[in-house]
Amino acid sequence: MSVHAPIRPAQRRALTVRLATPRGFCAGVDRAIQIVERALEKFGAPVYVRHEIVHNRHVVERLRSLGAVFVKELDECPDDRPVVFSAHGVPKTVPATARAREMLFLDATCPLVSKVHVEAERHHAAGRHIILIGHAGHPEVVGTMGQLPAGAISLVETVEDAEAFQRPGAAPLAYATQTTLSVDDTSEILGVLKRRFPELPDPHKEDICYATTNRQEAVKRLGAGCDLVLVVGSANSSNSVRLVEVALRAGAADARLVDDADQVNWSWLDGVNVLGITAGASAPEPLIEALIEAVRMRFDATVVEDDGERETVAFKLPRVLTA
Ligand code: SF4
């Protein structure tokens, strides 16, 4: 809730707003949302969605208002309605069950997550044991671990886990990572693993995706020069939470995660001269625009857009929705 009411123009103090580039939607999120929207257009409501399609409260609420029904597991869906699997990916048992029930299912797994699945399968087929760097319980980690039989993948979450990891048996090792991790934390963890297991490939090619990497680079550029960085995103969005951490580590005096402008406590801006704004990969641009508008109502704001990477990545929709 806002704690300060809008201020009359004459009383507004100057504030520089630095807007990160790139920010907000990535190609995988854009595709996943379009899959639900197109499925609703083509098949009518309700369309079931297993897990939040992307981790953003506003996106989920909007799709729900259009007729999407969000469920935790497939057994909550009827056989005769389409079901969409979220962008984070699913264990292999999920499409197998849907197939056995002859359900119409649409897989919105981001192609960059699918790429990690394929790599994990390749390592497994070559007889390697896989170390997955990621967060326990995150749906992407559950999905990646669920590509292979139990015991084929060991999860490592922290530097301490990397130090404690024991190779099960004599199999050679390989690694994979969640796509939305902190680039710096991950290279630290990989550094430990590489020191302990020199056979591991050099930590040059993590699976952290282009969108996560670019947004972290952008917020690093903002970080040092900002008194406060506001990250638009939901608390369950891994890449958004990482942006707050990266901003603080880059030197921002303060950094906060907000779902939208209504969650800003305007007292956070007391004494702030330079405000940074960015958004996680699942946060829609209109939320950022509304936040800037709310800032303008309270400050004599000069908005400067950072000069960052312009992204052109786009992913195709499943053919059943485009035919
Ligand atoms: Fe795909 Fe990366 Fe976006 Fe996740 S953050 S949906 S992996 S592009």
Side-chain angles (χ1 to χ4, degrees), residues 20-38 49-60 63 70 84-91 94 106-121 132-135 137-147 175-186 205-220 231-247 257 278-285 287-288 308-318:
T21 302
R23 60 181 177 276
F25 273 13
C26 61
V29 162
D30 190 47
R31 173 177 179 271
I33 294 169
Q34 278 197 60
I35 288 175
V36 179
E37 290 170 347
R38 297 262 189 126
V49 184
R50 185 188 175 279
H51 196 83
E52 287 190 1
I53 184 72
V54 299
H55 283 159
N56 184 272
R57 185 167 63 82
H58 286 270
V59 169
V60 168
L63 292 173
F70 291 90
V84 180
F85 304 149
S86 81
H88 314 95
V90 289
V94 174
L106 298 152
D107 190 355
T109 302
C110 175
L112 300 182
V113 175
S114 301
K115 186 170 142 259
V116 177
H117 293 178
V118 170
E119 276 170 17
E121 284 195 89
L132 176 64
I133 303 169
H135 299 298
H138 188 280
E140 184 184 322
V141 165
V142 173
T144 301
M145 294 189 82
Q147 300 305 303
Y175 71 83
T177 78
Q178 191 178 327
T179 57
T180 51
L181 299 179
S182 150
V183 173
D184 295 337
D185 288 350
T186 306
K205 195 187 131 302
E206 296 100 20
D207 305 306
I208 297 170
C209 75
Y210 80 97
T212 299
T213 308
N214 289 347
R215 279 151 194 70
Q216 286 180 17
E217 283 304 315
V219 87
K220 257 187 213 172
V231 178
V232 180
S234 290
N236 60 348
S237 161
S238 170
N239 80 87
S240 305
V241 174
R242 301 290 85 76
L243 290 177
V244 174
E245 296 167 357
V246 172
L257 184 68
T278 188
S282 44
E285 184 69 13
L287 294 180
I288 302 153
E309 175 98 17
R310 303 281 156 181
E311 294 173 343
T312 53
V313 180
F315 296 129
K316 283 189 186 144
L317 295 175

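Because the structure is a prediction, the values reported are computed rather than measured. First listed ligand is number 1; within each ligand, the first listed atom is number 1. All values below were derived from every heavy atom in this structure, side-chain atoms included, with hydrogens, water molecules and symmetry-related copies excluded.
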Residues that H117 engages under ring pair (Phe, Tyr, Trp, His ring centres under 6.0 Å), provided they are two or more places apart: none

R31 side chain vs K316 backbone, donor-acceptor pair below 3.5 Å: yes

By salt bridge (Lys or Arg N to Asp or Glu O under 4.0 Å) - contacts of D185 (at least two apart): R249

Non-neighbouring partners of E309 that pass salt bridge (Lys or Arg N to Asp or Glu O under 4.0 Å), sequence neighbours left out: none

Whether T179 side chain and V113 backbone form a donor-acceptor pair below 3.5 Å: no

Euclidean distance, N56 CG relative to I33 CD1, rounded to 0.5 Å: 7.5 Å

Within-2.8 Å protein N/O/S contacts of atom 2 (Fe) of ligand 1: C209 SG

